[in-house]
Amino acid sequence: MKPGTLLKLACLVAAAGCAQFPGRESPEHAARMNGAGDAYLECMTQEAEKDAKSAASAEDIATAAHARCWPAWDAYRSATNANFAYNARTDDEKQYARDRADAHLREFEREARRAVVDSAIERTLKPRTP
């Protein structure tokens, strides 16, 4: 690796460390994001309950719930992107904000689906009372 490349990488890492984190200066954006996230999770729970007695697998129930909750997911995604990008001014800051938002959204969706799957599995393992 060229010495100049190493210096550029060091500068990029330092700049990323100085970038402002999402939600720190905009409580309105953070509140909108959190509210949209809560709405999405509530939708996922309600939609998964509709399929609770079906013969579908837990993964299929989670996938179907996510599909039926797409408008809520899209609202959460938009609010998250706005929140994370709030303080971004330069192209590097904007890219960093997009990357962080994408990572956050992937993790959030993964955890929401996991909660639906776990709930569906728990329901099937509970003993039925006559």
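N81 has its side chain out of reach of R98: every pair of non-hydrogen atoms, C-beta onward, lies at least 4.5 Å apart. A 4.5 Å side-chain heavy-atom check between T80 and F108 finds every atom pair outside the cut-off. Residues V116 and E47 fail the side-chain proximity criterion, which asks for heavy atoms closer than 4.5 Å. Residues I61 and R113 have side chains not in contact (no heavy-atom distance under 4.5 Å, counting atoms from C-beta outward).
Counting only residues at least two apart or in different chains, salt bridge (charged side-chain N to carboxylate O under 4.0 Å, His left out) contacts with residues 75-87 comprise D74-R77.
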Per-pair distances, 0.1 Å, donor-acceptor, side chain in residues 38-45, under 3.5 Å, sequence neighbours excluded:
{"unit_1": "Y40", "atom_1": "OH", "unit_2": "H66", "atom_2": "ND1", "d": "2.7"}
{"unit_1": "E42", "atom_1": "OE2", "unit_2": "Q46", "atom_2": "NE2", "d": "3.3"}
{"unit_1": "T45", "atom_1": "OG1", "unit_2": "L41", "atom_2": "O", "d": "3.0"}

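Across all non-hydrogen atoms, the minimal contact from A58 to I121 is CB-CG1, 4.0 Å. Residues E93 and R89 approach most closely at OE1-N, 2.7 Å, considering heavy atoms. Shown here for E109 and W73, the closest heavy-atom pair between the two residues is CB-CH2, 3.6 Å. Closest approach of A36 and A79 over heavy atoms only: CB-CB, 4.3 Å.
When the shell of 6.0 Å around CD of E59 is examined, it contains 12 or fewer heavy atoms from other residues, nucleotides or ligands.
Salt-bridge check for R32 with E28: failed, with every basic side-chain N at 4.0 Å or more from each acidic carboxylate O. At a threshold of 4.0 Å, the pair K94-D99 does not count as salt-bridged, since none of the basic side-chain nitrogens sits closer than that to a carboxylate oxygen.
Atom OG1 of T63 is separated from atom CZ of R68 by 10.5 Å, given to the nearest 0.5 angstrom.
Partners of R106 under the salt bridge (Lys or Arg N to Asp or Glu O under 4.0 Å) rule, at least two apart in sequence or in another chain, do not exist in this structure.
With no hydrogens or angles considered, a side-chain donor-acceptor pair links S57 and D60 at under 3.5 Å.
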